[in-house]
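Take a look at the structure below.
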Amino acid sequence: MNVKNTISCHCGACSLKLNEPSPKFSLMCACEDCRQALSWAAQRGGKKPKDIIYSAYFRSDIQSYDGIKNMTVTQLRSDARSTRVYCKNCFSCIAIDHLVYEDNVFMMQPEHCVQDFNAVTPPKAIIHLIDYNGEATDVPSDTIPIFHSLQYPQERKRFRAIKPISESFAPSKTSLQGITLRDLIAKINKVEVLHLEKGNVPV
Ligand SMILES: [Zn+2]
Ligand SMILES: [Zn+2]
């Protein structure tokens, strides 16, 4: 059986295979941290990010991985809540962990790596518009919930109420078949902290 479950970098030096390759949900993220991280990677050969980035969430259950010696793990700053896995050669970003995911899910931005499966599902919300500098008319705010930030409890409650976000972030009721993203990150290398200045996104 030819299962399509592979996320790989653009040069093919590293890849992951997922036990559950269908996205649990997706968001459009306008945060400056995503842009800063991907712009940092773009200066090293990765793809330049858009202002708002399509982001898909998957169960953190990795069946197998390849090219671990070509992977590197970074955080933007020492107080970072996100940890990103890149290919050292082509600087594709293949997976992203965040503290709030609790290792139940991880994020992947399909435009910044390669998948042999469909990672596109209609986004449930646009988040962190506080960091968005583009045209308001480019944001489909009539058709999708928008969140200026997730700083306030009311916003977080409204966010968590969107199906299926809460269920997706919760621990799964079925047991893992593989390892989690955090297990993989622990095997790669010591997390490299980039010490980039907050908000200083190169253009
Ligand atoms: Zn690569
Ligand atoms: Zn983001």
Side-chain angles (χ1 to χ4, degrees), residues 6-17 23-58 65-77 79-101 105-116 119 123-134 138-139 144-151 155-156 159 162 165 168-169 181 184 188-189 192 194 196-203:
T6 307
I7 300 173
S8 52
C9 67
H10 281 104
C11 79
C14 50
S15 60
L16 310 174
K17 286 187 188 294
K24 289 182 156 302
F25 68 98
S26 72
L27 299 172
M28 300 299 293
C29 187
C31 86
E32 62 186 15
D33 287 357
C34 281
R35 271 202 311 284
Q36 187 177 38
L38 291 167
S39 298
W40 172 86
Q43 290 174 323
R44 287 155 182 79
K47 192 176 157 192
K48 228 173 133 15
K50 295 177 180 167
D51 288 341
I52 303 181
I53 302 155
Y54 174 80
S55 306
Y57 293 78
F58 296 86
Y65 50 88
D66 218 20
I68 193 167
K69 67 178 192 310
N70 299 314
M71 297 178 195
T72 187
V73 185
T74 66
Q75 292 178 338
L76 291 176
R77 286 168 284 281
D79 63 349
R81 293 161 63 77
S82 288
T83 305
R84 293 173 168 85
V85 181
Y86 296 95
C87 170
K88 271 185 205 172
N89 299 327
C90 68
F91 283 87
S92 298
C93 182
I94 59 171
I96 300 146
D97 181 35
H98 188 288
L99 290 180
V100 302
Y101 306 160
V105 292
F106 73 93
M107 183 171 81
M108 188 268 285
Q109 294 172 318
E111 292 166 358
H112 293 275
C113 55
V114 178
Q115 310 86 45
D116 67 355
K124 296 290 182 193
I126 307 176
I127 58 171
H128 302 301
L129 277 166
I130 192 169
D131 293 342
Y132 175 64
N133 298 317
D138 291 346
V139 177
I144 182 170
I146 64 168
F147 293 84
H148 202 58
S149 78
L150 290 169
Q151 189 181 351
E155 296 177 304
R156 289 200 295 274
F159 179 69
I162 297 172
I165 292 175
S168 300
F169 279 16
L181 181 61
L184 177 68
I188 299 173
N189 63 330
E192 185 192 353
L194 302 174
L196 301 183
E197 189 191 334
K198 172 89 180 144
N200 186 6
V201 179
V203 284

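Given the structure is predicted, the values throughout are model-derived calculations rather than measurements. Ligands are counted one by one from 1 in listed order, and the atoms in each one are counted from 1 as well. Sequential numbering from 1 along the given sequence is applied to the chain's residues.
Excluding waters, the set of protein N, O or S atoms lying under 2.8 Å from the Zn ion (ligand 2) comprises Cys29 SG, Cys31 SG, Cys34 SG.
Ring pair Phe91/Trp40 is perpendicular by interplanar angle, where above 60° counts as perpendicular and below 30° as parallel. Taking the six-membered ring where the residue is Trp, Tyr57 and Phe169 present tilted rings, their angle falling between 30° and 60°.
Between the Ser92 side chain and the Cys90 main chain, no donor and acceptor come within less than 3.5 Å of each other. The backbone N or O of Leu150 lies less than 3.5 Å from a partner atom in the side chain of Arg156, making a donor-acceptor pair.
Metal site remark for the Zn ion (ligand 1): Cys14 contributes no N, O or S atom at a distance under 2.8 Å. For residue His10, no N/O/S atom approaches the Zn ion (ligand 1) to within less than 2.8 Å.
Angle SG(Cys90) to the Zn ion (ligand 1) to SG(Cys11): 110° [nearest 10 degrees].
Remark: of the listed residues Lys198, Arg77, Glu197, Arg77 is the sole one forming a side chain to side chain donor-acceptor pair (under 3.5 Å) with Gln36.
Heavy-atom contacts from other residues, nucleotides or ligands closer than 6.0 Å to NZ of Lys88 number more than 12.
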Item to check | side-chain contact (heavy atoms from CB on, under 4.5 Å) evaluation trace for Phe106 with Asp97 | outcome: CA-CA 5 Å; Phe106 73 93; Asp97 181 35; 5.5 Å; no
